[in-house]
Each structure stands twice: as C-alpha cells, then as structure tokens.
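Input: a single structure, listed below in structure tokens.
To find a chain, count down the sequence lines: A is the first, B the second, and so on, and within it residues start at 1.
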Amino acid sequence: MALAPLAAIAVTLILGSLLVVWTGAPVGRTWGLLVQGAFGSVFAWTETLTRAIPLMLTGLAATVAFKARLFNIGAEGQLYAGALAAVAIGGAQASEALSMPMGVVFALMMLAAALAGALLLLGPALLKARLGVDEVVTTLLLNFIVLLLVSAMLDGPMKDPMAMGWPQSVSLNTELELSRLVERTRLHSGLLWALGLAVGAWALLKYTVLGFDIRALGANDRAAAFVGVPVTRTVVLVAMLSGALAGLAGAIEVAGRTSYVTLDMSPGYGYSGIVVAMLAGLHPLGVIAASLFIAGVLVGADSMSRALGVPTYLADVIVAVSLLCVLVAALLTQYRLRRG
Amino acid sequence: MADTPVLRLSGITKRFGPLVANDDISLSLAPGEVLALLGENGAGKSTLVSILFGHYVADAGSIEVFGQPLPPGNPRAALQAGIGMVHQHFTLADNLCVLDNVIMGTEPLWWPRSRRVQARARMLEVAARFGLSVQPEALIGSLSVGERQRVEILKALYRGARILILDEPTAVLTPQESEALFATLATMVAQGLSIIFISHKLAEVLRLSHRVAVLRQGKLVAQAPAHETTQAQLAQWMVGHAVDAVARPPATPPGRVICELLSVSTPAGVRDRLDQVSLALHAGEIVAVAGVSGNGQVALAELLCGVRRASSGEVRLEGEALRASPAWLVSRGVARIPEDRHAVGVVGDLPLWENIIAERLRSPMFSARLWVRRAAAQRHAQQVIQAFNVRGGGLQTAARALSGGNMQKLILGRALMPVASAPEARPRLIVAHQPTWGLDIGAVAYVQEQLVAARNAGAAVLLISDDLDEVMALGDRIAVMHEGHLSEARAPAHWTREGIGLAMAGVIPSGSEPGRAASGATHAT
C-alpha cells in the first residue's frame, strides 16, 4: 500500500520522459536540470520549501476531509477567504485601530483566517449531512463565488489606494509578517506552522476519539452510525477543520510571502492540495513529503524551462498525471476478490 | 437411471491464489435426476456452478453436456447447450413486465421490432407445460418473491434449458412457496429435465433430491442416494465431524419485562416499516420473530438498535423511554447484533481492536476527554478475541480480513463481553438480527449457544430470523411478521410449521392478532 504512491510517481516520470523526448530535448539533462532547479542551490531549495508551505496546508485540508469522505474541492476558495480575513484584521490601518499588542493581533488574524475558511465549508457540510447534497458540486462552485467576492473587495472596500489602479488589497502591517528562516530568501516561518499542523493532524487522526470518528465515518458510514459515531457532528467538525487549514494556508501566504491579497496569489494551491493528499495516501505525515515533491516539480520546471526551452507546462502535466497514476494505483492495490 | 449422463464434469480444479476452490471434482447428472449440491459457505459450490455456467474458466478438467464438450468461459455456449441458471439474487428488471424479462436477450438486436405476439404465445405454452402460472403483462416490481422466482425459472425454460441449476432457491421463500416450488420441480423432472439444487438445508435436500453430493473445502467428499443417507450423516460429511444440535433447556417461567413496545409504528414511505407493533420481552426468554425478509424486520431491529426512530407508539426499556442512540443503548446493557456483518457490523478498514471497542469508545473506560485510552482499549480487545475465540488476525489486523464466522464472533464478543470495570454487568437485552446468516454449521452452533447461554443467564433475547428451523429451535415464544404487522408471540406448542407459513404469507392464525383485530373493528364502526 505504501508502495502505491512511489509506483505512481515512477510511472509519472516515465510518461513525462516521453513528453520530453517529444519536444526533442535530452531526457537525462532535462530531469537533471529540474532536480537542480528544485534543490541544487540555497535559492532553489528555499524556493521549493516556500512553495511547499501552502501545498502542505491545502494538502492537509484535503487529507482530513477526504479521510471522512467529505470531498472538499473548495480549498482554493477557503484559501482566498482566509487571506482576505487576514488582511481585514491585519491590514496596516485595521491593526492600528485595534490598539492591542501585535502578538494578540497576530493571533486574532490567524483565528479569523481559520474561521473564514471553516465557515465557508460549513454550508456545504450541513447541506450534505442534512439533505444529502453532493459536496463536490457545492464546494467546487463556491470557489468561483469566492474569487468573484475577492475581486469585488479588491476593486472596492479593500482596494489599496497606493497600488496605482492594480486590483490588490491593502498591505499587512509589517509587524505581523512572518520572520525569514533563511536570510535573503523568501523562506518564512510559515514552514514551522505547516509542519506543526501536519504532526497535529496525524496525532488527531491516530489518538483521539474524533480521529476514530473521522476514519470510521470515511471507511463505512453505516457501521459508524451503528456503533454510535455522531455522524452529523463529525461531518461538521471535519468541515470546520478542513476549511480552517485551507484558510490558514491563505493567511500564511499573505503573512509570509505576498503581504497583500491579489487575485493571482494562488496558482491553484487548493486544487494541487488534492494531488498532494492523494499522493500522500491521505496520511498527514505523507503530506509533508508529497508537498515537497509537487513543489520541487513546479519550482524545478521553471529553471529547467529557461535552460532548455521545454515548456513549463511539463510541470502541470506531471502534477496532473501523478494524480491519475495515484488513483489508478489505489484502484489496483485496493482491488479485492469478494467471497461469493 | 442408467441412461447416458446429460452432464459430466471431469476433474474440475480451480485455484484462486493459494486457495483451492475446486479440487479435482468429477460429477455426472442423469436425465430426470435431481442432484443436490451440499456444502458450507466457501466449500466451492458457487465456484463449481460458475465454472459450469462459464463465468469462470477452470484451471483443469472438462465439461461435457449431452455428450458434447462445453467450451470453457462462455455463458452463451452454456445457454445454448441447454443449461439454465436460477440465481439466489434474481436477475430481473423490476420496471419491465414478465414477458419483457423472459424474452430479454433472446432476440437479435437487428430485428426492427420485437416479435412479442409469438413470444407471448410460446412463453404461455412453456408456462402451461410446467404448471407455472404467470401473468405476462404484470410488472416484476409488483410480484412477490415466489412469483419472481417462477419468472426466473420460466426465463431459463423459455431459453430451452434441459439442465436447471438452482442456487439456494428456498432461502427467500415461505414454506408454502417452497412447497409450490417443489411441485414445479417435480413436474420438470417428470418431463425429463435434470436439476442441480444447491442448498445447505438438510431436510429439503433429502426430500427433494435423488442423489446428494457433498463438498467440503473444495473437495467432493461424498456422494450418496438420498434415500440411503440421513441428516446427521450429511452434516458430518459437510463439517468433517459429528455435529450436535444446540441443547436448549426448557423454558423457565418468564421474568420481569425488560423491553416493551406499545403499538409502535415507524415512518411511512420507508419500504420496510412497522405498523402498530406491540411486544413484550421478558428476562430469561428468547422471542423469535419469523417472516419473509422485507416485512418489517429491518425496522424492528434498527429501532431497538438505536438507529431508527418510531413515528408513533412507545418503546420502553426497563421502564425508561428508549432513546435512538446506540451509545445510550449500549450503556443500558443492550447487546446488538446487526443483520449485515460487512456493511453494518464492522468497519472493514479499521483494525480489530478499534472495531471491538467502537461501541464503548465514548465511555470513560476507553477514552479520557478527547483522547482514546489505547492501552486499556487494546487490553479489552485482546480479552474479547481470546474469550470468543476470534481467529484469523491480531489486534492490528483489518476487520475485513476475517471470515464471516470470525467476524460474527467479534461482533458477539463486542456486544456480550462485560468490561473489566463492571464484570457483573451482563447484557440485559440482546437484539440479534439474522445472527447465523451465511455461517458454516460450526459457527451457527457457536452463535446459537451464546444466545441460549445469555438467555439462561437472564437476558431477554429478540431473535429475528428468516430461517424457520432456527426460529423453531430457539424460540421460547414465536411471533411472525408480515407487512409491518407482528403477530402475537406464542409458545412453539401453539404453532405448527404450516401455521407459521400461513402467517408469513399474511393469513392470521385463528383471529388472535391484536393489531389486525383492532383495525377490523374500526372499519366495522
């Protein structure tokens, strides 16, 4: 079972190689440059780690939800909702107006971001639990609504007057920004948050009553209800947890990297989080490795492309194909003969 | 019956990985013969029939039908050779009429229109020849189980079957419907058809068949003419050792009322529901509920397991109003054994220990605030595994890896085993829904012994079962369900097998059913 993701990655690389051959570039050198671009220098590996932070958090959001068979496809929207909430609390003027110690404001900011993501998923979760509405549809469509809301806010109440007409939000109070982990790079302490939350999610699933409820509900909802798992409450809690993790991804991106919200701050981290979760086999600690892999491919492909002229789309293809391969691998490894 | 055999299996062997499902099986079938294929679950009956019908390809061996070799792995060839199969789970389209179901697949696709008039005439002719009364235009969805089975048989005969395979045909029938089926089979045999009859009910096997072949662990262990063998002999062949019937000490005078249903109904609109059901369960008795499945048994079981609510009426557990909460019921000493082990009884992906303590996870024994007390939980799980002899895995094994019998032992252990902190707290009410369904004889005996032991220790047991033999053997009182109504629960001495059969079909015994009598009275006024 643990081998399935590795096999999937191997198949992905073979299929990717075929594409590289098609472009006429040398296969070995292409992969070599990709790995070098991802991990070959201080700049490279700090960039990869920076990129892995939001992927780790959205990956955890997907892991926790999928474990309970709550298919939250809305992490992208929850990420933006979290980012917007972070700026609403921690924006330069707003945070001064609160007149509280910055540590408290920071905590409030993170709390608001988590809550924004959680509340966004609460609606679809309740609709699923009460009326059986398919959460894949509702969470997916909410993404577009949230993006339009963000667009409206960035052109309206939260627009930065100093941005020369660009649709971007006011900046975060600089005191609320996350510290750098490595000087003169973009790597920030959000990495520690993400790692801590991964360990926390692992402990939650493994050692707590709620963790049992989540796993039982996801594996067999009728049996879970029979042994007394509170189904609706568990679905709601999982939704809050998953949404909060995605919301935190947005806040940590703002506080650690962009310091303001734009409409292109996430190149689909919410969706890539699903790939991360599946590659990780829905294991919270596996999410750490899977997010590093995906981030490495995305970062490495940029520099590889500059050197060889192989389009960066290769990275997107690899991410997409790896998801398909993982799904096929899961199908093959979980295929069982049933006794007649 | 010295004629040339219509069917000859020679040296059929089939392996699934390390499991040898069929081991060098050779059998033959004479014209006009009824051969019973007897064996426990997993003995290889279904595999053998699937090979015969072309669903599987045998690793070794060959099949001859009417002297011609049958090409392997080709159901169409099997049909053409005259083999017809009636599955236990019918393969009929509910939204089509009888005629459509019978002719489905018999007409070439490129015919511009279906030749229904000829088909209808032929179907009625076949039906008349074998004494199968059917209404060609009736929708399958509106038919009873017995009628649907008749359509299945007709479907096979319409396709010109000369050899009919029936897989557990009486499992879903009332005794009367079974009698009708036996009459039909006799007509077919009289006209020279041959029948393979798969079953694990010994009595009907002896009654119906000419010859019995017994499979055990993939091997053909014995063959005997039906009139030269006995039930005890067959059981011994099936299991490999002698089997004792479960001994049940005579009924003691019933104790106090443990659980009481007072004209309880469950919401209309759900297919399986209760309609004005009243019942009292006393300490130290087994009340067995018979009935064809789908007549309200699921509603009754789910109600008392805390996963379904009543829409009207009252359920009292030792005087308290029953709450629709599994955790509450478990804390009040209700042991619950669900009908479907795989779908409801266990979470297959989770390890044994988590499945065992799942019901009591929220009690302070196994969790402290948010955290699971893993050490205590695993200790208790280990005790259950030992006490109930659950084999096939350790604490960390996924529950789906267990065989049906061991899975049922796990569920029994979970429900019946007292926890260490309160060893004297034995279950007060046991709700067992089809607890022996699909188990082999050894496991059946074990489960029944446990239920009887719990009753002797003073528990009230509600046993809901499709198996009339089980109901008759275990019930201190017997009640029958039909369309959501429950008859009065009476001692076995007040019932005959025929009476139960009639009640299962909705014919009320000697006007003593309170629900019906009351509704009749309201109509009269």
Side-chain angles (χ1 to χ4, degrees), chain A residues 1-2 4 63-64 66-70 129-132 199-238 240-241 281-283 330-340, chain B residues 16-17 19 21 41-42 44-47 49-50 55-56 88 167 302 305-307 325-331 336 338 340-351 354-363 366-374 377 398-401 403-404 411 414 438:
Chain A
M1 192 53 215
T63 296
V64 171
F66 285 18
K67 210 67 182 170
R69 280 196 175 263
L70 176 75
R130 292 278 169 202
L131 300 173
V199 173
W202 167 75
L204 175 95
L205 284 177
K206 184 163 182 187
Y207 292 106
T208 67
V209 176
L210 177 61
F212 170 83
D213 292 351
I214 292 172
R215 287 179 289 120
L217 190 63
N220 182 344
D221 55 344
R222 288 180 67 198
F226 186 83
V227 297
V229 170
V231 174
T232 303
R233 202 180 81 189
T234 307
V235 170
V236 166
L237 284 175
V238 164
M240 302 284 282
L241 206 60
L282 298 187
H283 193 295
L331 195 71
L332 292 178
T333 52
Q334 286 171 18
Y335 181 80
R336 294 187 184 92
L337 281 177
R338 285 171 210 277
R339 287 168 194 232
Chain B
F16 296 106
L19 177 80
N41 288 293
K45 295 170 299 186
S46 300
T47 308
V49 168
S50 297
H55 290 314
Y56 291 143
Q88 185 179 3
D167 188 3
E302 288 191 350
C305 287
V307 289
S325 152
W328 184 84
L329 286 168
V330 170
S331 74
R336 306 167 309 145
D340 192 331
R341 293 185 271 286
H342 296 268
V344 180
V346 300
V347 182
D349 286 332
L350 297 188
E354 283 191 317
N355 272 293
I356 288 171
I357 54 108
E359 284 187 341
R360 300 173 195 270
L361 183 59
R362 269 150 263 273
S363 80
F366 298 132
S367 60
R369 292 170 182 276
L370 299 176
W371 302 90
V372 178
R373 300 177 62 186
R374 289 164 66 92
R400 73 165 72 259
S403 67
I411 294 169
R414 171 172 84 188

Does atom CZ of Arg374(B) have more than 12 heavy-atom neighbours from other groups under 6.0 Å away?
yes

Do you know which of Arg373(B), Arg362(B), Arg369(B), His342(B) has the most heavy-atom pairs with chain A at a distance under 4.5 angstrom?
Arg362(B)

With respect to chain A, which residue among Ala21(B), Ser367(B), Pro338(B), Gly306(B) yields the maximal number of heavy-atom pairs within a distance under 4.5 Å?
Pro338(B)

At a heavy-atom separation under 4.5 Å, does Arg360(B) approach chain A through its side chain, its backbone, both, or neither?
neither

Are there residues of residues 230-237 of chain A that reach to under 4.5 Å of chain B by heavy atoms, and which ones?
Pro230(A)

For Asp221(A), is it the side chain, the backbone, both, or neither that has a heavy atom closer than 4.5 Å to a heavy atom of chain B?
neither

Chain A contact via Arg414(B) - side chain, backbone, both or neither, heavy atoms under 4.5 Å:
side chain

Write down the atom of Val347(B), the atom of Asn220(A), and the distance for their closest heavy-atom approach.
CG1-CB, 4.1 Å

State, to 0.1 Å, how close Arg222(A) and Val344(B) come at their nearest heavy-atom pair, and which atoms those are.
NH2-CG2, 3.4 Å

Heavy-atom distance under 4.5 Å to chain A: side chain of Val346(B), backbone, both or neither?
backbone

Below 4.5 Å, heavy-atom pairs only: which of Val229(A), Asp213(A), Thr208(A), Leu210(A) has the largest tally toward chain B?
Thr208(A)

Shortest non-hydrogen pair, Phe226(A) vs Arg336(B), comes out as O-NH2, 2.6 Å

Determine whether Glu354(B) and Val227(A) make a side-chain contact, defined as any pair of heavy atoms from C-beta on separated by less than 4.5 Å.
no

State, to 0.1 Å, how close Pro326(B) and Ala225(A) come at their nearest heavy-atom pair, and which atoms those are.
CG-O, 3.5 Å

